[in-house]
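Notes for the one structure printed next.
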Amino acid sequence: MRAMFMRYPVLICLLLAGYAFLYLPIFSLIIYSFNESRLVTVWGGFSTKWYGELLQNGPLIDAALLSLKIAAMNATLAIVLGTLAALALVRFRKSRGHASLGIMVTAPLVMPEIIIGLSLLLLFVAMEDLTGWPAGRGQTTILIAHATFSMAYVTVIVQSRLAHMDRSLEEAALDLGARPLRVFFTITLPMIAPALAAGWLLAFTLSMDDLVIASFVSGPGSTTLPMVVYSSVRLGVSPQINALATLFIAVVSLAVLIASVILYRQQKKDN
Amino acid sequence: MNQPRSLANQSWSAPEGEPVVRIEKVTKHFGEVYAVDDISIDIHRGEFFSLLGASGCGKTTLLRMLAGFETPSSGRIYIDGQDVTDVPPYKRPINMMFQSYALFPHMTVAQNIAYGLKNEPLNRQQRRERVVEMMALVQIEKLATRKPHQLSGGQRQRVALARALAKHPKILLLDEPLGALDKKLRERTQFELVNLQERLGITFIIVTHDQEEAMTMSSRIALMHDGRIEQVDSPRRMYEFPATRYAANFIGSVNMFEGHVVSHEQDMVTIASEETGSELIVHHSQPLTQGMPVTVAVRPEKLKLTEKGTNPANEITGTIQEIAYLGDVSIYHIDLPSGKRVQFTQSNIQALAELPLTWGQEITLTWSSHSCGVLSQ
């Protein structure tokens with residue numbers, strides 16, 4: 001390290017500055033979550049009392065659980081729909097409407113969230129008037145809204161993996177007497193599994209993170225975590241939020257670590 | 001090499017019994033492009049049949065139609081007398097070895113070989129025995145638990161072969177099976193494939209662009225060009241008696257002299273050519289009309305040195321322009337007075353010939369009327 005620094009002092013400094021820019025805010029947040037003082041910006045000694053208070057905070061815990069539930073369901077729904085869309089896009093290139101399907105599936109990637117939220121709200125209201133479903137806004141409408149745009153991300157990820165997959169693998173399986181469904185589950189699915197894992201994690205994160213769309217399509221009694229955090233911050237930041245954020249960072253880091261270990265092993269096998 | 005035509009390998013061109021594969025007037029076009037254009041071939045049980053041709057000639061498309069990955073635009077394909085034109089690949093009694101080998105990367109060698117057996121009426125024990133038997137057949141017993149990425153190119157080729165043979169198919173299709181191997185390994189594997197085919201008695205249909213590979217292994221070769229069949233024949237007949245100019249040029253080297261028919265009597269055709277300066281006489285039994293433009297094809301190794309003026313026909317004289325010494329043979333390029341360049345090869349029988357041919361030397365060459373052919377297409 002020292003030798004490296006002697007050889008490239010400027011580069012190393014830039015590198016450190018870059019990392020500091022990215023991670024200092026997170027570090028300060030983690031440090032202040034252990035702050036004794038009620039004032040967020042004043043250090044009053046080490047304490048874990050905000051973690052204790054966090055566990056007592058019913059609405060916040062409920063919102064966190066709801067968000068986790070929606071995120072998990074959304075991610076699962078999104079990889080099913082996204083994989084089907086990706087299969088259609090990669091495997092039926094000659095069919096009619098291929099180009100328009102490609103554009104339409106990925107449109108939510110570039111559409112402003114506020115427009116997606118508003119248009120979905122209008123749709124849900126109109127549907128309720130016409131068919132009586134979905135009855136009111138809540139967990140279901142948030143899930144549908146999240147799946148709509150998460151699916152677009154999953155489609156892109158799975159599509160690129162499918163496009164790079166050697167088609168003759170599936171043909172070989174067909175040739176050996178496996179029916180198309182068995183080929184899909186024994187050959188195609190294992191081949192695209194890393195993309196599915198990555199897509200699931202991304203869809204999960206997108207849902208956990210979303211404030212704008214959820215604000216439009218949520219109803220009474222279905223407040224997600226970002227909504228609770230946002231509204232409570234407007235009334236002054238409680239150090240509980242810091243504690244909550246720290247817990248989240250811990251969970252996310254762990255998930256990312258596991259995912260990258262899986263992907264790394266997969267890659268080593270592939271080569 | 002004055003081999004009478006009747007003695008050339010006849011067994012596969014008129015064998016007994018029903019053909020195992022019958023391709024009947026099959027055409028496949030992708031939009032305006034005709035990949036396969038009205039092809040009919042019969043392939044017989046136990047044959048080692050090659051589809052030979054340059055890239056883009058339609059040989060792979062034809063193979064893929066046999067496997068069931070493509071459907072013919074028109075025409076029918078029969079296997080053992082049964083029409084399989086619309087049968088999906090997983091229901092055909094055919095297995096294929098892919099050019100890329102297409103080994104499943106997430107499975108071990110043994111799992112790869114066992115994959116196709118899951119659809120067979122075999123119990124666990126029988127399946128395991130079959131896998132062991134297949135691994136022994138291609139000598140990869142020690143690799144059973146390896147994954148494909150831990151294997152060398154030659155080992156992968158063996159696994160792919162074992163996997164394709166595991167279901168005991170009636171027909172094995174091989175798409176450029178040796179393309180990914182280096183030269184030495186390729187030559188060794190050629191003979192192994194032929195031995196394996198003879199031992200198992202399975203019909204092999206192989207696609208290749210390598211004429212040497214096709215010549216070494218096949219009982220018959222179908223030479224394809226632009227989606228059509230140029231000629232279907234045994235390797236020997238294909239070389240000695242090419243049916244078309246394309247076939248003569250594609251397989252081996254050849255000298256072609258343009259001319260026209262002067263007379264045709266008792267299987268002997270007399271042809272006048274401005275390129276040679278002498279009359280050409282060729283043994284040929286198919287009827288030809290007088291004045292018809294034809295090409296006489298002579299292989300370079302059929303030429304032999306002679307004294308000028310000692311032959312009534314089939315004699316050419318020219319000067320040596322280039323010499324290529326290849327070790328076993330030397331290739332000479334000779335310019336005739338007409339400007340025509342002729343290739344002539346001679347075995348280097350002695351380490352140092354006493355009177356070697358040199359540049360600029362004038363030599364006279366001749367050949368037998370039985371060792372050349374007349375081409376009208």
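Chain letters run A, B, ... following the sequence lines, proteins first, then strands; residues in each count from 1. Predicted, not measured: the structure shown is a model, and the values here were computed from it.
In this structure, CG in Leu174(A) is found 12.0 Å from NZ in Lys91(B), a value given to the nearest 0.5 Å. Asp175(A) contributes atom CG, which lies 5.0 Å from atom CZ of Phe98(B) (distance to the nearest 0.5 angstrom). Separating the CZ atom in Arg64(B) from the CD atom in Glu171(A) is a distance of 4.0 Å, to the nearest 0.5 Å. Taken from CZ in Arg182(A) to CG in Asn119(B), the straight-line distance is 4.5 Å, to the nearest 0.5 Å.
Ser100(B) has its side chain out of reach of Leu169(A): every pair of non-hydrogen atoms, C-beta onward, lies at least 4.5 Å apart. Within the 4.5 Å cutoff, no side-chain heavy atoms of Met107(B) are placed close to those of Pro190(A).
When the candidates Tyr101(B), Phe69(B), Tyr90(B) are compared by the number of heavy-atom contacts under 4.5 Å with chain A, Tyr90(B) comes out ahead.
Around the CZ atom of Arg91(A), the shell of radius 6.0 Å holds more than 12 heavy atoms that belong to other residues, nucleotides or ligands. The local environment of NE2 in His164(A) is sparse, with at most 12 non-hydrogen atoms from other residues, nucleotides or ligands closer than 6.0 Å. Residue Phe248(A) qualifies as enclosed at atom CZ: its count of foreign heavy atoms under 6.0 Å is above 12. Dense packing is recorded around NZ of Lys118(B), with more than 12 heavy atoms of other residues, nucleotides or ligands lying under 6.0 Å away. Around atom CZ of Arg76(B), more than 12 heavy atoms belonging to other residues, nucleotides or ligands sit under 6.0 Å away. Taking a 6.0 Å sphere around CZ of Phe30(B), one finds it holds more than 12 heavy atoms contributed by other residues, nucleotides or ligands.
Both the backbone and the side chain of Ala173(A) come within contact range of chain B, each with at least one heavy atom under 4.5 Å from a heavy atom of that chain. In this structure, chain A has no heavy atom under 4.5 Å from any part of Leu173(B).
Counting only distance, with no hydrogens or angles, the side chain of Asp166(A) and the backbone of Ala102(B) share no donor-acceptor pair below 3.5 Å. Although no hydrogens or angles enter the test, the distance criterion places no donor-acceptor pair under 3.5 Å between the side chain of His106(B) and the main chain of Ile187(A).
Between Ala172(A) and Arg163(B) the shortest heavy-atom distance is CB-NH2, 3.4 Å.
Scanning for ring pair (Phe, Tyr, Trp, His ring centres under 6.0 Å) contacts around Tyr115(B) gives Phe104(B), with sequence neighbours left out.
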